[in-house]
Amino acid sequence: MARLVIRGRNRLKGKVRIGGSKNSSVAIIPAVLLGEGESTLENVPAIRDVKVFAQILKDLGALVSLNENTMTISPNGFTSHVAPYDLVRKLRASYYLMGVLLAKFGKAEVGLPGGCDIGPRPIDQHLKGFRALGADVSVEGGVVRLYANKLQGAPIYLDIPSVGATINIMLAASMAEGTTVIENAAKEPHVVDLANCLNSMGARIKGAGTDIIRIKGVKSLKGTCHSIIPDDIEAATYMMAAVATGGDVEVSGVITKHLEPVVAKLREAGASIEQDGDFVRVIGPDRPNPVNVKTMPYPGFPTDAQQPLTAVLCRARGVSMVHESVYENRLGYVSELVKMGANIKVQGRTAVIEGTDRLVGSPVTATDLRAGASLMVAGLSAEGTTDIYRLEIIERGYESVVEKLKGLGADVTRVEE
Ligand code: EPZ
């Protein structure tokens, strides 16, 4: 276990380069198991979730080598259709193996992922999609069992634009017979990245990034070489750290289009933001303006950026409202910000934040990845020292976070417990 010790109030200055997208990586790493040859993935973030998935693939018999930000995967030895609970429990996104195993072997046994600190996170829409493709689905004893002697393309209307369900159905449908149409599909950047990767393997997917995705099944897929898109949420987190500390930070290696909702909201909060090519430069005000925000599926304001934004608004010149419409309870972390002197009231899915001119460093604990990001942003702008326990939760999704913050002039130290 480790903790991050932050001595706050340094205005962040300088440049930080963004790594590959965690959420794209955990979809594309299992996806390339569908190829008949070796695949190489570039710009893979060196984070815990990626390392865990590499281990899961090895446990399933694939040959995997991970060297810094390049992963090579050869599926030849991959013959098992069973992803046991002890693997799945380490990484929720391993439930993408359901779509992959079903497409590859016509059957799958995958331990049910648990809920987590942000809600129960059911997978009913995933299973609805698999049934529509002709699979028998049973869930008992904490295991999802899928079987189909042949997957048949079908129209599928998602009750909600679920990212995970869109991805899992795309994986299963890529090698089904006939055409699958997913309506009310998720449009997140990493859904598009996965579709592009599958198409580079010979899949025939059109419409990714819109709410209607058409997938013409193919008999086989080949290996590929694909570069993971940059992580828009990592970028958003450093942009918010710049705003929270009144800093001047250039965030590079991004796709500016993916950051539009975050740029718009931070400009409302008083930041001046220039964007050009693959970087955004963020200059924060001494104290942010209050803003109202409602998280929405892409291209709305991303739910994963809600927590770091709330940390910024703790020092706003007035009252802000943050409404979390994607998850049932993604505001639990607020109690840790209150320990630091934030004035926040939570009613249901809405947090009302009365800005104060000072936060005070305190010992706090990261309860989930983006809650940890929120505490990091708050600690950087607080007076005194903030100890964030369970730093490994933050390192699940933020590559070299201590080094990157140091590179921006933050006074941070990683302390092993
Ligand atoms: C992905 O989770 C991301 N994770 C999440 O990021 C992100 O918050 C979320 O998309 C929304 O953008 C990965 O990509 C690995 P959903 P996912 O299915 O796929 C409900 C992070 O911090 N729902 O779009 O689980 C669900 O309960 C993580 O990087 C159903 O009811 O998101 C939630 O309330 C956190 N039934 C909402 O939909 C289903 O079958 C959105 O879930 C599926 C989802």
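As a basis for the values below, the full set of heavy atoms in this structure was taken, side chains included, without hydrogen atoms, waters or symmetry mates. Indexing begins at 1, ligand by ligand and atom by atom, following the structure's order. This chain uses plain numbering: 1 for the first residue, then up along the sequence.
- The protein heavy-atom contact nearest to atom 18 (O) of ligand 1 is S162 OG, 2.7 Å.
- Distances from ligand 1 to the non-hydrogen atoms of R330 include at least one value under 4.0 Å.
- Here is the list of ligand 1 atoms found below 4.0 Å of a heavy atom in K22: 21 (C), 29 (O).
- Counting only N and O atoms by type, the side chains of R330 and Q307 include a donor and acceptor under 3.5 Å apart.
- A salt bridge does not link E399 to K404: none of the charged nitrogens lies less than 4.0 Å from a carboxylate oxygen.
- Contacts of A165 with ligand 1, taken as heavy-atom pairs under 4.0 Å, are absent altogether.
- Of the protein's heavy atoms, Q125 N, 2.7 Å lies nearest to atom 40 (O) of ligand 1.
- Classification of R414 and E395 as a salt-bridged pair holds, one side-chain N sitting under 4.0 Å from a carboxylate O.
- For ligand 1, the polar-atom distance check finds no N/O of T303 at less than 3.5 Å from any of the ligand's N/O atoms.
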Side chains of residues 202-217: which donor-acceptor pairs under 3.5 Å do they make with residues two or more places apart or in other chains?
{"unit_1": "T210", "atom_1": "OG1", "unit_2": "G207", "atom_2": "O", "d": "2.7"}
{"unit_1": "T210", "atom_1": "OG1", "unit_2": "I212", "atom_2": "N", "d": "3.1"}
{"unit_1": "T210", "atom_1": "OG1", "unit_2": "I212", "atom_2": "O", "d": "2.9"}

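- At a heavy-atom cutoff of 4.0 Å, ligand 1 is contacted by both the backbone and the side chain of H126.
- Closest protein heavy atom to atom 37 (C) of ligand 1: V326 O, 3.6 Å.
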Let me have the donor-acceptor pairs involving side chains of residues 139-157, under 3.5 Å, with sequence neighbours excluded, atom names and distances please.
{"unit_1": "K150", "atom_1": "NZ", "unit_2": "E177", "atom_2": "OE2", "d": "3.3"}
{"unit_1": "Q152", "atom_1": "NE2", "unit_2": "E177", "atom_2": "O", "d": "3.3"}

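- Inclusion of V26 in the set of residues having an N or O under 3.5 Å from an N or O of ligand 1 is not warranted.
- Contacts with ligand 1 closer than 4.0 Å are made by side-chain heavy atoms of I160 only, the backbone lying farther away.
- Panel note: side chain R349, backbone S325; a donor-acceptor pair is recorded below 3.5 Å.
- Closest protein heavy atom to atom 16 (P) of ligand 1: V163 N, 3.6 Å.
- Of all protein heavy atoms, the one closest to atom 5 (C) of ligand 1 is Y327 OH, 3.7 Å.
- Looking at Q306, E234, R370 and measuring to atom 22 (O) of ligand 1, the nearest heavy atom belongs to R370.
- Scanning A186, A27, G164, G397 for the heavy atom closest to atom 19 (O) of ligand 1 points to G164.
- Protein heavy atom closest to atom 2 (O) of ligand 1, with residue, atom name and distance, is R121 NH2, 3.2 Å.
- When all heavy atoms of A172 and F130 are compared, the pair lying nearest together is CB-CE2, 3.8 Å.
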### Step-by-step side-chain contact (heavy atoms from CB on, under 4.5 Å) determination, I353 to K345
CA-CA 7 Å; I353 306 148; K345 299 264 180 310; over 6 Å; no
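- S174 has its side chain within reach of L221: a pair of non-hydrogen atoms, C-beta onward, lies under 4.5 Å apart.
- Per-residue contacts place Y95 under 4.0 angstrom from the following atoms of ligand 1 (heavy atoms of the residue considered): 17 (P), 19 (O), 25 (O).
- Regarding atom 6 (O) of ligand 1, its nearest protein heavy-atom neighbour is D304 OD2, 3.0 Å.
- Here the protein heavy atom with the shortest distance to atom 3 (C) of ligand 1 is N23 ND2, 3.7 Å.
- Counting only N and O atoms by type, the side chains of T303 and T295 include no donor and acceptor under 3.5 Å apart.
- Under the 4.0 Å criterion applied to side-chain N and carboxylate O atoms, R3 and D387 are assigned as salt-bridge partners.
- The distance from ligand 1 to the heavy atoms of H190 drops below 4.0 Å at these ligand atoms: 14 (O).
- Here the side chain of S200 pairs no donor or acceptor atom with the backbone of T224 at under 3.5 angstrom.
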